[in-house]
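Read the structure below first, then the notes.
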Amino acid sequence: MNASKQHLFALPFPVADNNLLVGGVPVSLLAERVGQTPFYAYDRSQISGRVEQLRKALPADIHIHYAIKSNPMPALVQHLAGLVDGFDVASAGELKTVLDTPIPAGQISFAGPGKTERELCQATAAGIVINVESEREVLLLAEIGIRLGLLPKVAVRVNPDFELKSSGLKMGGGAKPFGVDAERVPALMARIDALGLDFYGLHIFSGSQNLRAESIIDAQEKTFALARRLAADAPGPLRLLNLGGGFGIPYFPGELPLDLARVGRHLAGLMPAARSDFPEAEFVIELGRYIVGEAGVYVCRVIDRKISRGQVFLVTDGGLHQHLAASGNFGQVIRKNYPVLVGNRVVGETTGLASVVGPLCTPLDLLADKMDLAHAREGDLMVVLQSGAYGFTASPRDFLGHPQPVEILV
Ligand SMILES: *Cc1c(COP(=O)(O)O)cnc(C)c1O
């Protein structure tokens, strides 16, 4: 069998001399330049290209915010500071990263349940918009404002009375720890007014990782409708309406990319009414994964090629501890393979199915389960695609005490 390897997935990077090029550099050369495996590499021009696609597809007055929890690497966040309109952070640590960029404080928002008093204080002192998620946060902000002699800027994060259909991760609708139930928002806005906080508007985030344009369109329509209902009870005109995001990327066989043009066209049709109903509002869409997910790869090296009862195992120096999502243990219900290939044999002869595993002593440490890969040998580089989001920082990197991976922006 000398069949040539055909990839089931479209390669998001060019190929030269049978090497995947990330940031224009062959992956073998990148490994030499980094000086070690494993590493994560993020392609600067792909990130820029993705923001450009969003600008083209979405109405001009939709501002694009980057949700940095998807990838908070400081160099990448600095790169995005020159491309997007604002940042959304979810902790004081992320706030520090974005305050080091030139993005103005007014274009930074802070969402997330369980904000500590210290975080609320830091956010107020920084002058960013705080998406409040409970009455407790409102009361604390009122105290903090008095103590610091500042007027905290608040928007209410709403737990909508609808959900983003067929979403990878539902973050709204039903009982949720996120935001304030829509029906309780009028009372909370009255409280914000009575306490003299600076009311900015609403943040309505309904879900994540959605590949279906019709589901996103449906959620956006319902978001505007809900905002209209809530605005009737608001202490002042909305100056901010954050429509959430939820744009997904394809990971698994059979998944198709989101039809972004269709989402953009439909949103353009909703905007005239929205502009007239919310004449003072800045409209924001916040995205993480969609901006950086496809621009990143995880690269590890084959340490050993073993055969156990007829099954080929490529044992690598990377694994679950560094890329939890690719192992299937970060929110997948049924484990499926991420797109994986041999980075220095992009087209190579195949000899059958192989499994890619890591060095951890657990069967969960699986990066590819019986995949049709080019024939890999010791020293070859295994590349996991779609690794730019929820990779490095979303993995238990200390588990088993192996060396840490390096992150580079190319
Ligand atoms: C996680 C999160 C995002 C980013 O989600 P992606 O799927 O990465 O786009 C945006 N907004 C809020 C409030 C979030 O919690």
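Note that the structure is predicted; figures quoted are calculated from it, not measured. Numbers here are sequence positions counted from 1. Ligands are counted one by one from 1 in listed order, and the atoms in each one are counted from 1 as well.
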Provide the number and element of each atom of ligand 1 under 4.0 Å from a heavy atom of Ala67. 3 (C), 4 (C), 10 (C)

Which atoms of ligand 1 sit under 4.0 Å from any heavy atom of Ser208? 5 (O), 6 (P), 7 (O)

Using distance alone, determine whether Ser70 and ligand 1 share an N or O pair under 3.5 Å. no

Aromatic plane relationship, Tyr40 with His323 - under 30° parallel, 30 to 60° tilted, over 60° perpendicular: tilted

Do His203 side-chain atoms and Ala111 backbone N/O form a donor-acceptor pair below 3.5 Å? no

Between the candidates Phe178, Phe247, Tyr390, Tyr290, which shows the shortest non-hydrogen contact distance to atom 5 (O) of ligand 1? Tyr390

Parallel, tilted or perpendicular: which describes the rings of His402 and His321, with under 30° parallel and over 60° perpendicular? tilted

Does a salt bridge link Asp43 with Arg50, judged by any charged N lying under 4.0 Å from a carboxylate O? no

Taking both backbone and side-chain atoms of Lys69, is any N or O found less than 3.5 Å from an N or O belonging to ligand 1? yes

Do any nitrogen or oxygen atoms of Gly288 lie less than 3.5 angstrom from nitrogen or oxygen atoms of ligand 1? yes

Between Phe87 and Tyr66, what is the ring plane arrangement, given parallel below 30°, perpendicular above 60°, and tilted in between? perpendicular

